[in-house]
Engineer: 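One structure, pasted below without further comment.
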Number of protein chains: 2
Amino acid sequence: MKISTGVEWMVHACITLACAPPGTPVRAGRLADFHGLPKAYLTKQLQALVRFGILHSVPGVHGGFSLARPSSEITLMDIVAAVEGRADMFQCTQIRKGGVGATFGTTGTNVPCTVQNEMAKAELAWRKALASRTLAAILDEIAKDAPTVLPVTRKWLENA
Amino acid sequence: MKISTGVEWMVHACITLACAPPGTPVRAGRLADFHGLPKAYLTKQLQALVRFGILHSVPGVHGGFSLARPSSEITLMDIVAAVEGRADMFQCTQIRKGGVGATFGTTGTNVPCTVQNEMAKAELAWRKALASRTLAAILDEIAKDAPTVLPVTRKWLENA
DNA sequence: GTGCGAATACTCGGATACCGCGTGTCCGAGTAAGTGAGG
DNA sequence: CCTCACTTACTCGGACACGCGGTATCCGAGTATTCGCAC
């Protein structure tokens, strides 16, 4: 049930990338330095976001990563889905179809598992909450709570 | 992010236990047979629920497990918490406190992490959804969707 | 016949191995910039 | 002086080890039953 650390990394990375001037990619090594993370593994996660269409990567000497679309069109759900995958966290293994319970009273086997349904409802609430928070909204929040953070980040990115 | 299989097992186990006549514990081996699960591991999970106060265990020859309180007072949240633990699934490792970003612009370090906040909100939505579904409600749902299942289960439990 | 006590068989409970997935790392493919020579 | 092609250095990208937490299992502690015996 634990969310992998990659999600946290990627959210913060997206926040940082949102501070970069448009059209200027930031290379992975620089992002790693900024957050004090292992560059190689961070790159792996960034690639997942590229595959998902959230980030845009440009190869070559002055290459790097940049947001593939405006921060107002990137949600937390997108990032979580890219890193963790789209699979439901509660996967019904259909245990009611095995054991004595099944051979004894197989009647209900055709209807979808009620437990599965209830868990899915709860999970949907979570996903909707994540989908309702855009990266832009988070940036606003940060600008309100800690006004100096974003400008400082922007400045540091410019001093390539 | 995947929820352990133990959760599914325990929800189904609780459903089965709710069918048992009050005051008559069901032993782990019988539950395992009913669902076709390994008895030893199932027992381990059941113990977790006992420790959490959801189930009541009685030792001895005619011992076993039974619900510790009415099914209307047991929620999916209780079961998930007992098996998976109460820890948040998104744990902020405070990466913004390490790396260049911290030494360069430590300003925001005192305010709680915005990312953490947003993820916590989404998680709360999930937890509330789980907490709003009681075991009794699920039993009702099953009785509606597959009316024969619960009586058949009840009957099987009586044929000790 | 009845009460008591020890043996017993069955249960839960925690300590102990196994394994898959997330975590972390490495080296190769690809690209754009830089550089030098030639026209 | 301009153009072009080669070299080069730097980037991303996927393939390769490691460690931890969930999965699965076993044997020991505890209790109600039950059988035998003494009264």
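We use all heavy atoms of the structure for the numbers below, so side chains are in, but hydrogens, waters and symmetry mates are not. Residue numbering restarts at 1 for every chain, and letters A, B, ... go by the order of the sequence lines.
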Engineer: What's the closest nucleotide to the P38(B) side chain, out of dG24(C), dT25(D), dT33(D)?
Structural biologist: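 The listed nucleotide nearest to P38(B)'s side chain is dT25(D).
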Engineer: Can you confirm if the NZ or CZ of R127(B) lies within 45° of the ring axis of W126(A) and under 6.0 Å from the centre of its six-membered ring?
Structural biologist: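 No cation-pi geometry.
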Engineer: Specify the residue among V61(B) and A40(A) whose closest nucleotide of DNA chain D lies further upstream toward the 5′ end.
Structural biologist: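 Counting from the 5' end, the first nearest nucleotide belongs to A40(A).
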Engineer: Take atom CE of M1(A) and atom P of dG21(D), then tell me their distance rounded to the nearest Å.
Structural biologist: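 It works out to 15 Å between those atoms.
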Engineer: Starting from P on dC12(C), measure out to NE2 on H56(B) and report it in whole angstrom.
Structural biologist: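 My rounded result for the distance is 12 Å.
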Engineer: Under a 4.5 Å side-chain heavy-atom rule over Ile, Leu, Val, Met, Phe, Trp and Tyr, are I54(A) and V58(A) clustered together?
Structural biologist: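 Looking at the clustering, V58(A) is in a separate group from I54(A).
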Engineer: Walk me through it: do H62(B) and T24(B) pass the test side-chain hydrogen bond (donor to acceptor under 3.5 Å, both in side chains)?
Structural biologist: CA-CA 9 Å; H62(B) 287 174; T24(B) 62; over 6 Å; no
Engineer: Provide, to the nearest angstrom, the distance between the CZ atom belonging to R30(A) and the C1' atom belonging to dC10(D).
Structural biologist: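 It is 15 Å, rounded to the nearest whole Å.
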Engineer: Once you round it to whole Å, what is the distance between C1' of dC26(C) and CG of L42(A)?
Structural biologist: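 Atom CG in L42(A) sits about 16 Å away from atom C1' in dC26(C).
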Engineer: Work out which heavy atom in A13(B) is nearest to a heavy atom in L31(B); give both atom names and the distance.
Structural biologist: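 Smallest heavy-atom distance, with atoms named: O-CD2, 4.4 Å.
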Engineer: Starting at the 5' end of DNA chain C and moving along, which residue's nearest nucleotide shows up first, P59(A) or K44(A)?
Structural biologist: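 Looking at DNA chain C, the more 5' nearest nucleotide goes with K44(A).
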Engineer: Below the 4.0 Å mark, does dT11(C) have OP1 or OP2 next to a side-chain nitrogen or oxygen of S57(B)?
Structural biologist: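 Answer is no, no contact under 4.0 Å.
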Engineer: dG22(D) C1' sits how many Å from E8(B) CD, rounded?
Structural biologist: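 The answer, rounded to whole Å, is 15 Å.
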Engineer: Under 3.5 Å, is there a donor-acceptor pair between the side chain of E84(A) and the main chain of S4(A)?
Structural biologist: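 Yes; judged by distance alone, with no hydrogens or angles, the pair exists.
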Engineer: Any side-chain N or O of T5(B) below 4.0 angstrom from OP1/OP2 of dT23(D)?
Structural biologist: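 Checking dT23(D) against T5(B), a side-chain N or O does come within under 4.0 Å of OP1 or OP2.
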Engineer: Of the listed nucleotides (dA24(D), dG24(C), dG22(C)), which one gets closest to any side-chain atom of W9(B)?
Structural biologist: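 Output: dA24(D).
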Engineer: What contact category does G29(B) fall into here, base, sugar-phosphate, or nothing, at under 4.0 angstrom with non-hydrogen atoms?
Structural biologist: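 Nothing, no nucleic acid heavy atom in range.
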Engineer: Of the candidate nucleotides dA24(D), dT25(D), dG13(C), which contains the atom at the shortest distance from the side chain of T43(B)?
Structural biologist: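 Ranking dA24(D), dT25(D), dG13(C) by closest atom to the T43(B) side chain puts dG13(C) first.
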Engineer: Tell me the interatomic distance from K39(A), atom NZ, to dG13(D), atom C1', rounded to whole angstroms.
Structural biologist: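 So the NZ-C1' distance, K39(A) to dG13(D), works out to 12 Å.
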Engineer: In whole angstroms, how far is the P atom of dC12(D) from the CG atom of L46(A)?
Structural biologist: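 For the pair L46(A) CG and dC12(D) P, the rounded distance is 8 Å.
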Engineer: Side chain of Q47(A): nearest nucleotide among dT31(C), dT23(C), dG13(D)?
Structural biologist: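 Between dT31(C), dT23(C), dG13(D), the one nearest the side chain of Q47(A) would be dG13(D).
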Engineer: From OH of Y41(A) over to C1' of dG22(C), roughly how many Å is that when rounded to an integer?
Structural biologist: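 Distance check: Y41(A) OH to dG22(C) C1' gives 6 Å.
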Engineer: Are any of R51(A)'s side-chain N or O atoms less than 4.0 Å away from OP1 or OP2 of dG14(D)?
Structural biologist: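 So the side chain of R51(A) is within the cut-off, an N or O lying under 4.0 Å from OP1 or OP2 of dG14(D).
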